[in-house]
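Heads up, the thing below is written out as structure tokens.
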Amino acid sequence: MAEMGEKGFAIAALKRREPLLWINPELAPSQKVLTGLPLGGRHIKAAEARLRWFAPLLSHLFPELKSSGGIIESALVPVPAMQAAMERYGKEARSGRLWIKADCDLPVAGSVKARGGIYEVLLFAETLAREKGLLNSGQTAIRLGEPDVRDVFAGYIVAVGSTGNLGLAIGTMAAALGFKAVVHMSADAKAWKKRRLRDRGVTVVEHDADYGSAVRAGRDQAAGDPNTYFVDDEDSEALFLGYSVAALRLQTQLAEQNREVDGDHPLFVYLPCGVGGAPGGIAFGLKHVFGDDVHCFFAEPVQAPCVLLAMTAGPDLSVYDMGLTVDTEADGLAVGQASKLVTGLMRHLVSGIFTVDDDDLFRYLTFLYREEQIRIEPSAAAGFAGPDFLLNSSRGKSYLQRHQLNDRLDQATHLVWTTGGRLVPDDAFAGFLHRGNALI
């Protein structure tokens, strides 16, 4: 009955386009859940090891990665001024400390999509090179960037369907290796993202329909061409595992910042969510690293809560079935139907999902820039609504009480995953601030 109550509440609220927090009634002890899944910790560690093998190649292809030795990673940043601003705005975030995972400044592709997207393209390049006898045992990843290998890659297409950020990651990496890169862009993709891809030599195919249509078009085109490799955001284990590596990196960063995560020091993570791949992969990794001491919440726009809908009403439903339109400035989250791969893996692992309206996205974006001089795009601001929902809403308070967390909140770490923003042009960002300032 409690489960039906939560589902009924969520569906009614999302139909009204009201921001809400849904608590997952099927959340279960992580150790029990993880042991029964087809993917596990060894797959995450293997993906991390592969990315380290690729690192010299990435350093060679992208000068901005030389200082990190080819590792694509973002900083863990405390944001005390932002926390104070949220309190002044009435969005309580006083318990514990607020941090951001600054994927808004992630090198090369400028968003969370860099990890998974670049990883999958690299895996395809390695596999193809080995099949063609161009990469032998003992050779390093640098071999994949040599002229004769690039000549072979030039006969292949790497394609993807995207609202923008995944397309930037896939297109940038594929073009850097010499592949023909094709990105099918949905109607809500931003003009500057299309322009940036074209400037890198990527073919951009524009569609008048939504993200799902762009993905289907790309998938159908690839199916008829043996020389086209399609990166399927809705059903890719490689993407998912590439994202999951972030958890291992975060574990190290938290230790370096002396932030404990254990039963007395809970970690709350708020992840903007589109089709589900990036937040799902990250949450999957976090659960392997921190178990039940981490509490993962997804953030979706009120007009595009596709993962929330899948978790409450069934994986075959689209937000259009609820009368919603995916009309949101959070282009990276403008998705009508969730990944079945991700919702299946997250069914018993995600603590909850909350929805945010566009006005709050611009308010949070503006506060973050004012107080911390950090630039993000609207979709990356969605997670900032999480602490207020958790600490102040009736459902959030019930969750804290049920998990016996109230006495531990002063030692908590609240982590907002800021998923994109580095590549936003100055004029576009000025427009974001103009809208945000008008709302404050």
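To the nearest 0.5 Å, the span separating OH on Y369 from CZ on F432 amounts to 13.0 Å. Here the CG-OG1 distance, from D293 to T413, works out to 11.5 Å after rounding to the nearest 0.5 Å. To the nearest 0.5 Å, atom CE of residue M346 and atom CG of residue L27 are 11.0 Å apart. Of the inter-residue distances, the one linking T312 atom OG1 with W22 atom CH2 reads 6.5 Å to the nearest 0.5 angstrom. Atom CD1 of I353 and atom SG of C296 lie 11.5 Å apart (nearest 0.5 Å). Here the straight-line distance linking atom CD of Q253 with atom CZ of R259 works out to 14.0 Å at 0.5 Å rounding.
For E371, the CD atom sits in a packed shell: over 12 heavy atoms of surrounding residues, nucleotides or ligands are nearer than 6.0 Å. Atom NE2 of H434 has 12 or fewer neighbouring heavy atoms from other residues, nucleotides or ligands inside a 6.0 Å radius. Within a 6.0 Å sphere centred on CD of E18, heavy atoms belonging to other residues, nucleotides or ligands number more than 12. More than 12 non-hydrogen atoms from other residues, nucleotides or ligands lie less than 6.0 angstrom from CD of Q373. For K66, the NZ atom sits in a packed shell: over 12 heavy atoms of surrounding residues, nucleotides or ligands are nearer than 6.0 Å.
Between R435 and D359 there is a salt bridge, since at least one side-chain N of the basic residue sits less than 4.0 Å from a carboxylate O of the acidic one. Taking a cutoff of 4.0 Å between a charged side-chain nitrogen and a carboxylate oxygen, E73 and K101 qualify as a salt bridge. R249 and E48 are joined by a salt bridge, as a carboxylate oxygen and a charged side-chain nitrogen come within less than 4.0 angstrom of each other. E206 and K194 are joined by a salt bridge, as a carboxylate oxygen and a charged side-chain nitrogen come within less than 4.0 angstrom of each other. Salt bridge status for K193 with D331: present, with a side-chain N to carboxylate O gap under 4.0 Å. In this structure, D262 does not pair ionically with R408, as no charged nitrogen and carboxylate oxygen lie closer than 4.0 Å.
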Inset, instruction - Go through E64 and R422 one step at a time and tell me if the salt bridge (Lys or Arg N to Asp or Glu O under 4.0 Å) criterion holds. - result: CA-CA 13 Å; E64 64 194 284; R422 178 189 182 102; 3.4 Å; yes
Legend entry - Intermediate values then yes/no, salt bridge (Lys or Arg N to Asp or Glu O under 4.0 Å), R115 and E120: CA-CA 9 Å; R115 289 191 194 84; E120 180 155 356; over 6 Å; no
Inset, instruction - Please step through side chain to side chain contact (heavy atoms under 4.5 Å, CB included) for the pair F362 and L433, ending with a clear verdict. - result: CA-CA 7 Å; F362 285 99; L433 293 179; over 6 Å; no
Inset, instruction - Go through the steps to decide whether S162 and Y211 satisfy the test side-chain hydrogen bond (donor to acceptor under 3.5 Å, both in side chains), and finish with yes or no. - result: CA-CA 6 Å; S162 174; Y211 162 85; over 6 Å; no
Inset, instruction - Would you please test D199 and R196 for salt bridge (Lys or Arg N to Asp or Glu O under 4.0 Å) and show each step? - result: CA-CA 5 Å; D199 288 345; R196 188 175 184 91; over 6 Å; no
Inset, instruction - Could you please spell out the steps behind the side chain to side chain contact (heavy atoms under 4.5 Å, CB included) verdict for I440 and F367? - result: CA-CA 9 Å; I440 294 172; F367 279 134; 4.0 Å; yes
Inset, instruction - List the steps and the verdict of salt bridge (Lys or Arg N to Asp or Glu O under 4.0 Å) for D232 and R219. - result: CA-CA 7 Å; D232 196 331; R219 189 187 291 128; 2.9 Å; yes
Inset, instruction - Could you check V275 against Q337 for side chain to side chain contact (heavy atoms under 4.5 Å, CB included), going step by step and ending with a plain yes or no? - result: CA-CA 7 Å; V275 73; Q337 192 164 7; over 6 Å; no
Inset, instruction - Any chance you could lay out the side-chain hydrogen bond (donor to acceptor under 3.5 Å, both in side chains) test for T419 and D103, step after step, and finish with the verdict? - result: CA-CA 5 Å; T419 49; D103 279 8; over 6 Å; no
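Summarising the geometry of A125 relative to L177, their closest heavy-atom pair is CB-CD1, 3.8 Å, with the distance given to 0.1 Å. Listed here is the closest heavy atom pair of L76 and Q257: O-NE2, 3.4 Å. A pairwise comparison of heavy atoms in Y320 and G336 identifies CE1-CA, 4.5 Å as the closest pair. Closest heavy-atom contact between H207 and H184: NE2-ND1, 3.0 Å. Closest non-hydrogen pair, L58 versus I118, comes out as CD2-CG2, 4.1 Å. Nearest heavy-atom pair, L166 versus G161, reported as atom, atom and distance to 0.1 Å: CD2-O, 4.4 Å.
Listed for the E372 side chain is a donor-acceptor partner under 3.5 Å among the backbone atoms of A81. Side chain of T355 to backbone of L20: a donor-acceptor contact under 3.5 angstrom is found. Panel note: side chain T35, backbone K32; a donor-acceptor pair is recorded below 3.5 Å. Proximity of a side-chain donor or acceptor of H348 to a complementary backbone N or O of E26 within less than 3.5 Å is detected. Within the 3.5 Å criterion, the main-chain N or O of L439 finds a donor-acceptor partner in the side chain of R363. Panel note: side chain T228, backbone A222; no donor-acceptor pair is recorded below 3.5 Å. A donor-acceptor distance shorter than 3.5 angstrom exists from the side chain of Q411 to the backbone of D264, with no hydrogens or angles considered. At distances below 3.5 Å, at least one donor-acceptor pair connects side-chain atoms of S68 with backbone N or O atoms of L65. In this structure, the side chain of H403 does not engage the main chain of D292 through any donor-acceptor pair within 3.5 Å. One N or O on the side chain of T343 and one on the backbone of K340 form a donor-acceptor pair closer than 3.5 Å.
Between W192 and L197 the shortest side-chain heavy-atom distance does not fall below 4.5 Å. Here the side chains of L168 and K113 are not in contact, with every heavy-atom distance at 4.5 Å or above. When side chains are defined from C-beta on, L267 counts as touching L254, because their heavy atoms get closer than 4.5 Å. Under the 4.5 Å side-chain criterion, counting only non-hydrogen atoms from C-beta, P378 is in contact with L365. Taking 4.5 Å as the limit, some side-chain heavy atom of L98 sits within range of a side-chain heavy atom of M86. For the pair N165/E377, a side-chain contact is recorded, criterion being any heavy-atom separation below 4.5 Å from C-beta on. Contact check for V319 versus C306: side-chain heavy atoms found under the 4.5 Å cut-off. The shortest side-chain heavy-atom distance between H295 and Y399 falls under the 4.5 Å cut-off.
A donor atom on one side chain and an acceptor atom on the other are not found under 3.5 Å apart for N24 and R347. Counted by atom type alone, S74 and D105 present zero donor-acceptor pairs between their side chains at under 3.5 Å. Side-chain polar atoms of T328 and D358 form a donor-acceptor pair below 3.5 angstrom. Side-chain contact of S318 with D321: a donor-acceptor pair under 3.5 Å is absent, judged by distance alone. Residues R395 and S398 have side chains that never bring a donor and an acceptor to within less than 3.5 angstrom of each other.
Ring to ring, F354 and F297 are not that close: their centroids are 6.0 angstrom or more apart.
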